[in-house]
Amino acid sequence: MSTPPKTSDNFIEELIAEDLANGKHGGRIHTRFPPEPNGYLHIGHAKAVVINFEIAKKFGGTTNLRMDDTNPSTEETQFVDNIQNDIKWLGYTWVGDTRYASDYFDELYQLALRLIDKGLAYVDDSTAAEIEAQKGDIGVPGTNSPFRDRSPAENRRLFEGMKAGEFTDGSKVLRAKIDMAHPNLLLRDPVLYRIKHEAHHRTGDTWCIYPLYDFAHGQSDSIEQITHSLCSLEFRHHRDLYNWLIEALEIFPSRQIEFARMNVDYFITSKRKLKLLIEEGVVDGWDDPRMSTLAGLRRKGFPAEAIRNFCIDTGVTRRDNQQTLDLLEFKVREVMNRDADRYMAVLDPVKLVITNYPDGQTEQLDTENNPEDESRGTRALPFSRELYVERSDFRKEPQNRKYYRLAPGKDVRLKSAYIIHCEGHEEDEAGNVTQINCTYYPDSRSGEDTSGVKAKGTLHWVDAATATDLEVRLYEPLFTDPTPMDHPDRDFLEFINPNSLTVVTAKGEQALASAGVGESFQFLRQGYFTVDPDSTTDRPVFNLTVGLKSSFKG
RNA sequence: AGACCUAUGGUGUAAUUGGCAACACAACAGAUUUUGGUUCUGUCGUUCAAGGUUCGAGUCCUUGUAGGUCUACCA
């Protein structure tokens, strides 16, 4: 493991340790991750996944995966499949089959009847607008619905009628009977069930009434005997209702604990906004490498291990936090530096001719695959008179003594090959460099250098005759502002970075052409790149995963 | 306005629960280097404010201040 395990407990672990010490649930720990299948998982979800799975693991417990699918209008099976895939990819295995809140619709309905029979819920004929008006306001008590005092028997009859499809959408709802003056607005007789004559992605037309979040989530936790229900801070106010229902229904007392969600610079994590980016054509889809989705980050090449380490190391607290992209990228480099083989590819090629190298001659040079991991071995590199090097590695005039790349009169080492001496260049009428001319020191061959020439700089290069074309997609953050949502006066779309994607044709080592989708490499001196699924045998496509750190100023 | 939550370097997270404020990232400087990468060393800089309790307060109390959340038949 590249990341040492954290030693101290976070506040959730402290609370759980307390429960354990008090003998709660006989020492059993069971958590759950409850996504709504109406979109793809993003970096913020990853945090919740990691917290739920890691904490359970730490205490020898298990974790369920449950689709919170109580709203037939927005949910799709396509999303279910992707969510499952993402969690597995992150490296986690939930216990048993995937659960669905919709599997509990019968039980939930029975629980609703129980509440009705106890006089703790009623059917309300008020319109949505009327219910809103009854709600009161912050600091202003609400008013009782005129239907609040219907008898349990009447409520039961009406609720059964709702289920039987006797009423139209919106004509009736089931409400909990709590307190219209409660300081927590959520306890002012919240709506529990609504009528929706709409097909559900799993139950089809079986139901025309569907429970709301507050009458599905907590109850599902109880049904699954979840001991600790870990969720983000915005559900704090729901906890009062969560607990009220546990008592009213006399069901298994799961304990909800809230933590602060993780925000990351240059990423947005609103599913609605992510969807908008797709609809507006700003990105190509949920798995566009510029997206904050796990599908996007995976396609871009981020290793699951790096995302996991990032989520773990950023900790669990109750305060608002804004994580830097720097740390995420550090975690990515940390893993890829260890794992990725080094190859050479020239992103902006310019021809370099070694004038004293015999025309038509080719030799094979040895180069290590990964200096961090000797077991990765070496490979052969073809070398001949004509090469490609990076345009930015040449200056018509040397800059200063801190510059040790190519310029007239300068000596540089070609990685794993020879030291060359820059003689001059050719250019077109516009002054663009079209060719760099050099001579080489025949006795400076890598590994057996007796030339005595010292070259401060080492450049990557590729043999022109055998080089293969690569499509390389270079990414920058999707936004020009680290927190595009934090401008109340401006739309987040105003902060779209016009340079978020640049496509270039690079010259790469031939071996790169046969790399498999998802394979990652370090392109020497440039960054980590990962093979995109758009690749064809004719045209391999590489995504920039993350650039190398560079202390070069110039 | 009411209720609830939060406050430690630039960012994030710790602090044996009242005992020398530390770790990571970032930044800066240097060493090593056939990647201006990696690795190594060093520097920088922190307890929201004011009172109080105490031999001793980041930690406990009081009062402020700042930020966040909540009035969907979404989750």
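In what follows, every chain begins at residue 1, and chains take the letters A, B, ... in the order their sequences are listed. Model, not experiment: these values are computed from the prediction.
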Can you list everything that forms a ring-ring contact (aromatic ring centres under 6.0 Å, His included) with Y193(A)? Sequence neighbours excluded, please.
F159(A), F215(A)
With sequence neighbours excluded, residues passing side-chain contact (heavy atoms from CB on, under 4.5 Å) with A176(A):
I178(A), P190(A), L192(A), W244(A)
Could you identify which residues of residues 158-168 of chain A place a heavy atom less than 4.0 Å from some atom of RNA chain B, listed by residue number, or say none?
none
CG of D313(A) versus P of rU11(B): gap in Å, rounded?
19 Å
Between rA3(B) and rG64(B) - P atom distance, rounded Å
13 Å
Taking only N/O atoms, report every protein-nucleotides 37-47 of chain B pair under 3.5 Å with atom names and distance.
| from | atom 1 | to | atom 2 | distance (Å) |
| --- | --- | --- | --- | --- |
| rG37(B) | OP1 | S551(A) | OG | 3.0 |
| rG37(B) | N2 | E372(A) | OE2 | 2.9 |
| rU38(B) | O2' | N337(A) | ND2 | 3.2 |
| rU38(B) | O2' | E372(A) | OE1 | 3.2 |
| rU38(B) | O2' | E372(A) | OE2 | 3.2 |

Of all heavy-atom pairs linking N184(A) and H237(A), the shortest is ND2-O, 3.0 Å
H182(A) NE2 to rG2(B) C1', in whole Å, measures 11 Å
Please tabulate, one pair per line, each protein N/O and nucleotide N/O from nucleotides 7-10 of chain B that are separated by under 3.5 Å, including the distance.
| from | atom 1 | to | atom 2 | distance (Å) |
| --- | --- | --- | --- | --- |
| rU8(B) | O4 | R319(A) | NH2 | 3.4 |

Are a donor atom and an acceptor atom from the side chains of K415(A) and T367(A) found within less than 3.5 Å of each other?
no
Can you tell which of rA26(B), rC74(B), rC73(B) lies closest to the side chain of D326(A)?
rA26(B)
Would you tell me whether T530(A) and T545(A) have side-chain atoms, one donor and one acceptor, within less than 3.5 Å of each other?
yes
Nearest-Å distance for atom pair CD/C1', residues E54(A) and rU13(B):
17 Å
I'd like the P distance from rA27(B) over to rA15(B), given in whole Å.
27 Å
Please check the phosphate of rA75(B) (OP1 and OP2 only) for any side-chain N or O of T70(A) closer than 4.0 Å.
yes
With no hydrogens and no angle check, just 3.5 Å: does a side-chain donor-acceptor pair link T269(A) and R261(A)?
yes
Derivation and outcome, side-chain contact (heavy atoms from CB on, under 4.5 Å), residues I354(A) and Y418(A):
CA-CA 11 Å; I354(A) 300 171; Y418(A) 297 91; over 6 Å; no
Should stems be defined as at least three consecutive Watson-Crick or G-U pairs with both distances under 3.5 angstrom, which of them involve RNA chain B?
B:2-7 with B:65-70, B:10-13 with B:22-25, B:27-31 with B:39-43, B:48-52 with B:60-64
With sequence neighbours left out, what residues match P482(A) under side-chain contact (heavy atoms from CB on, under 4.5 Å)?
D265(A), Y266(A)
Looking at S416(A) and rU34(B), is any side-chain donor or acceptor paired with a base atom of the opposite kind under 3.5 Å?
no
Any protein N or O atoms within reach of nucleotides 65-72 of chain B? Criterion: under 3.5 Å, listing atom names and distances.
| from | atom 1 | to | atom 2 | distance (Å) |
| --- | --- | --- | --- | --- |
| rG68(B) | O4' | D320(A) | OD2 | 3.3 |
| rU69(B) | O2 | H237(A) | NE2 | 2.8 |
| rU71(B) | O2 | D137(A) | OD1 | 2.7 |
| rU71(B) | N3 | D137(A) | OD1 | 3.0 |

Interatomic distance, Y210(A) OH vs rA75(B) C1' [rounded to whole Å]:
16 Å
Would you please say whether a donor-acceptor pair under 3.5 Å links the side chains of R175(A) and Q134(A)?
yes
Do F529(A) and F521(A) make the cut of ring centroids closer than 6.0 angstrom?
no
Return the set of residues passing ring-ring contact (aromatic ring centres under 6.0 Å, His included) with H460(A) (not counting sequence neighbours), or none when no residue passes.
none
Which ones in residues 189-203 of chain A lie close to RNA chain B, meaning a heavy atom under 4.0 Å from one of its atoms?
V191(A), R194(A), K196(A)
Enumerate all atom pairs, one protein N or O and one N or O from nucleotides 16-19 of chain B, separated by less than 3.5 Å.
| from | atom 1 | to | atom 2 | distance (Å) |
| --- | --- | --- | --- | --- |
| rU17(B) | O4 | E14(A) | OE2 | 2.8 |

Listed once per pair and sorted, the salt bridge (Lys or Arg N to Asp or Glu O under 4.0 Å) pairs that draw on residues 64-78 of chain A, sequence neighbours left out:
R66(A)-D221(A), R66(A)-E224(A)
